[in-house]
Amino acid sequence: MIDLLTGRAHEHSCAQEILNLSFAATAGEPILISGHRGGQLRTWDAVTVSPRTMVDTGGRDVEELCVVESGLEAYVASRNVDGQIRCWQLPTCDEIELPGVGVASALCSGRLADGRSVLLVGDDGHLLLWDPAAAALSDLKLPNPGMRIRGAVLSTPGGRDHVTVIDDSHKIITFQLATGLMAAPPLTAHSARRPDGLMETHGATGPHPKLAAVSGTLAVPTPWRVHLWDLASSQQAAPPLTGPVAYSQVQGTVWQGRNLLLTGSAYDGTVALWDLGGHHVHDPGHSQRVSSISVSDGMVVSADLGGTVLARDAENGELLAAPLATGVESTHALAAWREKSDVMAATGARSDYVPDGQLRRWNLTTGQPAGPPIKAHSRALHHLARVALSEGPALVSYGPGPVIKIWHPREGNLIAEVETSISSKVTGFAAAIMGERPYVAISSYRQPLTRYYLDDPGSPPTTVPGAAQGVILDAVGQYVVTAHSNEGSRGRTIVRFWDALGNRVGPDLCGIAEVTAVAASGWPAIYVGRADGSVALIDAEKGADLAPRLTLPIRPRALAVADDGDLVVAFGSDVARVRTLSSLSIEGEGSQASNSTT
């Protein structure tokens, strides 16, 4: 439990996994209610976070909880994974029978315009309203009697009671509670047949989200945004919320007398309050998850999944140019460099919805494209790097497809191609220089990890047969770093090292959490980031930690190393430069902030 004013957390351990939480005032005695796997429902003292009572709801996972407070009485309703609805009085947890309510796919509570607290239960063709004060259960009229309701939320714009529902095709409809008449045109932007996937809805336990209504605005979570719609017109009420809201849950709340939106993103490790009536001014930065970082020439350049590219001074973190919103969704590949006084970048995207195989070059200083897009592939540009050839710097791209392509960074013309024998999906790509020979190393599902040499495109490649089934994460000199799966574990949790002859170097680096990113700080010092938010600096030859481990609030997505050996790490929508691992542990906003550049 977190105090929103101070950020202080109150913790209590629970042996069973908590699937959902709700809160009830219960006549001035606040309690928390938690739903668990296995069908248990527990109540807790909200002040001390100490356990109070436990109820067995029937052995099936509790999927949803709703609290209804009516006068001095309070009730909690639960819905399990089979859709079974049950209700209990608080704080005694005596079960209350709801006649005619059995199985449902939607459950919500709210307060009507006249002050009554009610419960809504929805299913195929039916929406029931339970008023505990009147001990009454009524069947509401629907705009379409055949609606397959999958979510519902109450609102009272202009003092009139409205219900907003989402159906099984993700269409959203708002209607008057009393009459069933439509109150606004249907909202179809999130419908199942979407053009590019950006409007795809996200629910915590399925594709249908739990909606939230705040002061006439409907909040609909999608994988990377929370979209805001005007309930009266079904038009966009404000630009979508971005930043730390990936895969969010949303809820309306009242805080300090204001109606606010609460978002919670386990993916970004962030809980936030939003005043939807206020004007949001953000510091220049990323509004979506950072997908790639490039460190070179004394600067740190980062790109996020929305296509925004930022260049900062690697030493002090100051912006070298205004953030460039390229508008290219699902940007993943990035390379950056300087040309005299200009900061340049090259990007590639790999959207699952919109084919885009363009290699795009940008002048971040002027905020303009640096020449026309280059068609590097018909569908996607997965991998990109900048390398130094004897003729000068070049851009190297790959995939999908069996050809490595070398491009002139300024002119954009194709310099050379390197044929590969790869016939399966590529899983990893890294570029390095061995001696004076630049190469790229590629891992794939079926072929062994292979080095392809760029100074002589016709020279035979070399393989690392022992690294089969591994994913290459980085390369430094003659060494390559791969991640492997351990029997019985989820994801790739083992890191291994290989030399130029394909021999194993040093011991396995094993862990419980999946490896998410690796960066070499000069052999044998290797940074290893894992899904549990940890970053370790390891001696690859000995397998020993070289410094205390760094702890991030969420998993690191990309790692790089500055010219002086400092770590540059991307996590969520943030980028930080870590000066000393021995004294820095990032646990959230404000902790050790002076020791990193964000």
Side-chain angles (χ1 to χ4, degrees), residues 19-22 35 61-68 77-85 101-111 118-130 139-157 161-177 180 182-192 194 199-214 216-223 225-231 234 240 245 247-253 261-264:
L19 299 179
N20 37 60
L21 285 169
S22 195
D61 295 352
V62 178
E63 192 168 85
E64 195 168 3
L65 291 176
C66 281
V67 166
V68 182
S78 71
R79 185 173 69 86
N80 68 14
V81 292
D82 294 328
Q84 184 183 22
I85 304 292
V101 178
V103 175
S105 54
L107 177 70
C108 80
S109 60
R111 192 175 296 275
V118 296
L119 182 75
L120 284 180
V121 180
D123 201 11
D124 295 350
H126 295 283
L127 186 64
L128 302 175
L129 181 146
W130 179 57
D139 198 343
L140 300 179
K141 294 181 181 180
L142 297 176
N144 177 5
M147 292 179 65
R148 300 171 64 89
I149 298 173
R150 296 295 178 265
V153 65
L154 277 167
S155 61
T156 57
D161 296 322
H162 289 81
V163 181
T164 301
V165 297
I166 183 169
D167 67 12
D168 60 346
S169 69
H170 313 280
K171 182 167 64 175
I172 298 173
I173 295 176
T174 299
F175 60 93
Q176 297 176 16
L177 182 144
M182 299 272 287
L187 178 57
T188 59
H190 301 286
S191 294
R194 51 192 178 272
M199 308 301 288
E200 177 185 8
T201 58
H202 162 71
T205 58
H208 303 98
K210 187 175 178 64
L211 308 173
V214 178
T217 299
L218 181 71
V220 182
T222 60
R225 299 174 172 89
V226 175
H227 291 263
L228 304 173
W229 303 99
D230 181 71
L231 283 167
S234 297
V245 293
Y247 300 95
S248 268
Q249 298 183 56
V250 296
Q251 181 177 319
T253 189
L261 177 69
L262 180 69
T263 63

Shortest non-hydrogen pair, Ala213 vs Val153, comes out as N-CG2, 3.8 Å
(message) Check this for me: does any side-chain nitrogen of one of Asp124 and Arg150 sit under 4.0 Å from a carboxylate oxygen of the other?
(response) yes
dist His190:NE2 -> Leu211:CG (nearest 0.5 Å) comes out at 9.0 Å
Distance-only, no hydrogens or angles: does the Asn80 side chain make a donor-acceptor pair with backbone N or O of Asp82 under 3.5 Å? yes
Applying side-chain contact (heavy atoms from CB on, under 4.5 Å) to Ile85 and Val103, what does each step give before you reach the verdict? CA-CA 6 Å; Ile85 304 292; Val103 175; over 6 Å; no
Value for CG (Leu140) from CG (Leu128), rounded to nearest 0.5 Å, stands at 7.5 Å
Chi angles and distances behind the side-chain contact (heavy atoms from CB on, under 4.5 Å) call for Leu127, Phe175: CA-CA 12 Å; Leu127 186 64; Phe175 60 93; 3.8 Å; yes
Next on the checklist: Evaluate Leu177 against Leu129 for side-chain contact (heavy atoms from CB on, under 4.5 Å), listing each step before the verdict.
Outcome noted: CA-CA 10 Å; Leu177 182 144; Leu129 181 146; 3.7 Å; yes
Heavy-atom closest pair (Cys66 atom, Cys108 atom, distance to 0.1 Å) is SG-CA, 3.5 Å
Heavy-atom nearest pair, Pro221 first then Ser248, reads CB-O, 3.5 Å
One should read off an interatomic distance between Thr263 OG1 and Gln251 CD, to the nearest 0.5 angstrom, of 11.0 Å
Note to self: Ring-plane angle category for His170 and His208, please: parallel below 30°, perpendicular beyond 60°, tilted otherwise.
What the structure shows: parallel
* Please assess Val220 against Trp229 for the test side-chain contact (heavy atoms from CB on, under 4.5 Å), listing each intermediate value before the final yes or no. => CA-CA 8 Å; Val220 182; Trp229 303 99; 3.8 Å; yes
Inset, instruction - Say whether, by atom type as modelled, one donor and one acceptor occur between the side chain of Thr188 and the main chain of Ser191 under 3.5 angstrom. - result: no
CD1 (Ile173) and CG (Leu142) are apart, to the nearest 0.5 Å, by 9.5 Å
Q | Donor-acceptor under 3.5 Å (Asn144 side chain, Gly146 main chain) | A | yes
* Would you check if Val68 and Val118 make a side-chain contact, meaning some heavy-atom pair closer than 4.5 Å? => no
Value for CD (Glu64) from CG (Leu107), rounded to nearest 0.5 Å, stands at 5.0 Å
Margin query: I'd like to know if the side chain of Ser105 and the backbone of Ile149 have a donor-acceptor N/O pair within less than 3.5 Å.
Written below: yes
Check your understanding: Has the side chain of Ser234 got a donor or acceptor atom that lies under 3.5 Å from a matching backbone atom of Pro186?
Key -> no
Exactly one candidate in Thr222, Val226, Ile166, Ile172 meets side-chain contact (heavy atoms from CB on, under 4.5 Å) with Pro209; the answer is Ile166
All heavy atoms of Lys210 vs all of Val250, minimum pair found to be O-CG2, 3.2 Å
Interatomic distance, CD@Gln176 vs CE@Met182, rounded to 0.5 Å, equals 11.0 Å
Q) Are any side-chain N or O atoms of His227 and backbone N or O atoms of Pro240, one a donor and one an acceptor, separated by less than 3.5 Å? A) no
